[in-house]
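This report refers to the structure that appears directly beneath it.
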Amino acid sequence: MLTNVRRATAEFLSTVISSHFSLASLTTEALEAALEVPKKLEHGHLAFPVFPLAKELKKAPPLIAKELAEVVTKAEHPLSKEIASVLPAGGFLNVTFKDAYLQKILIDSVYAEPGKVGYSKKGEGKTVVIDYSSPNVAKPMHIGHLRATVIGQAIRNLAETQGYNVIGLNHLGDWGVQFGKLAWAYMNWGSEYDFKGKPFESLYALYVRFHDEAEKDKDLDAKGSAVFRQLEQGDAQVTKIWKEFVEISMKEYGRMWGLLDVSHDLVRGESFYNNRLKAVEKELEDKKLLVESEGAMVVPLGEDMPPCLIRKTDGASLYATRDLASAEYRHNELKADLNLYVVGVDQTLHFKQVFRVLELMGHVWAKDCHHIAFGMYRFKEGKMSTRRGRTVFLEDVIRQAIEMVDKLIEAKNPNLENRKLVAEQVGIGAILFNDLAVDRVRDVEFDWEKALNFEGDSGPYVQYMHVRCLSLIRKYGKPAPKSIAIELTSPEERELVRTLLNYQDVLAAAFTTFRPNIVAQYMLELCAAFSRFYNKHRILGEAEDVQTSRMALVEATRRVLEAGLRTLNIQAPEAM
Ligand code: ARG
């Protein structure tokens, strides 16, 4: 239900409750938070559970509900005239609004602020930092990075709908001993590769070759580590090579982000924290948290967790140390009220350790740091790793999806305008929706047929519903009506209105739980509700007032579909 209706209902009820019962404890805010949206329309549009009142008044909930229903029905309030019924049902008070009222506020709300359907102001004045995508230099993005990228971008979009100031951060993996190895490989074998023509492929080939050869030649790793030490000491030649690796890689990732329409506000690679690590170590030392263990420096974390490694025996810094510095940076300098890390479930222990260390350091804001974990991709052949040959590259999956959609268009609608663009929007939409529709902590089963099925629970299906609305509006031939002419009262119309009014709640719930799948599942429900309406009722060619009212509903649906797709970072094609 829309926030303003919720708010108005809570005010109304709290006025009635406080004048009827002598109670002080139930605030309008608490009441508003307690209002539920019943699963079925028979139970009204909003339900108020009277249990807390019953407890305080020491009366049975059904009795209170009955008494309250009577007084609310009789009460004089601006909202009274919009309410069709207030009925007791067990321990609940079910409020049903008049159709005309809901239809009016629905249409008003979708036109209120263009491009901001369903937005709220909950996060106003607060900053959320979201770390997503964050790939590792020199490694191609594989299908596993898809989740870190699209779940992250979707949560970013969701944060925007809640009114937060959002900072999207790329914690680029650009530091660590692997760059010493890579630089060694570059200095020794680089000339054998086409760095001018195919820079990124060459870089990755060097990476793979180094690891293959290191298995045979036991001295190679040590040589790589030595070069990394030079890099850590700021050696000019090695630094120059390293910078080139970063540049080549960022260009490649930029292409991928461009395809997916993903962007960051800030790049703060791991190397950014190099000159802050000493301070972190000193802070840990001052707070008596740092201990020596077999030559390395660690923070012990108690029985239930292995210690957090801060500095290696050879003095090299670590992933965790950089994350500690980064968390402080996000809090102190970026002023993050919420600090989110969209990273695979395989790094759960790492984040638990980092957050525990922050707690031990006395940072109360550690509780505002959240690891937004997600499961892995599973193809029929099993999991994949970057070093071995079985990797499924992200770009290949994207290209294949686009190609497959293009073939489908060729078969079904060969004269489609902008065919190339549509194939891209639908192909990428299919992959994104397939990913985002799954609860993020679960693994994603990748199945081409399911992802590209235009009739199933897929991205193309949702995009197709949007196109259907658009083509109705085109046939209508006039701008979509901005108001409803008569009350629409069929079950399908009521259900569609109710579903549309839930969109704002859906966004809020998806952000609070960091679960974009709530939006994706809602989109499927909305499509189903729209289909039932569309299949049952004639729209064009009906009496003028019926036609106008139904067209207003079509446009409202179209706007919510478009907004929902945008939140999931999926394009809404004009035709397909
Ligand atoms: N670069 C890492 C990887 O690809 C992810 C970084 C996540 N962010 C962080 N602050 N640790 O596995």
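Counting from 1, the numbers follow the sequence of the chain as shown. Note that ligands are numbered from 1 as they come in the structure, with each ligand's atoms numbered from 1 the same way.
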Part of L172 with heavy atoms under 4.0 Å of ligand 1, whether side chain, backbone, both or neither: neither
Y186 ring center near Y193 ring center (under 6.0 Å): no
Top protein contact for atom 8 (N) of ligand 1, by heavy-atom distance: D131 OD2, 3.0 Å
Element-labelled atoms of ligand 1 that are located less than 4.0 Å from some non-hydrogen atom of R330: 10 (N)
For atom 12 (O) of ligand 1, closest protein heavy-atom neighbour: Q347 NE2, 2.9 Å
Qualifying residue, where the test is side-chain contact (heavy atoms from CB on, under 4.5 Å) with V137 and the options are L182, I248, V246: V246
Closest approach of any protein heavy atom to atom 7 (C) of ligand 1, naming residue and atom: V343 CG2, 3.4 Å
Output field: ring centroids F245/F179 closer than 6.0 Å: no
Plane angle bin for F514 and H370 - parallel if under 30°, tilted between 30 and 60°, otherwise perpendicular: tilted
Closest protein heavy atom (residue, atom, distance) for atom 3 (C) of ligand 1: N136 ND2, 3.5 Å
Heavy-atom proximity to atom 6 (C) of ligand 1, best of F351, Y341, Y319: Y319
Geometric cation-pi criterion R268 and F272, 6.0 Å radius, 45° cone: yes
is_close_aromatic(H171, Y341), centroid dist under 6.0 Å: no
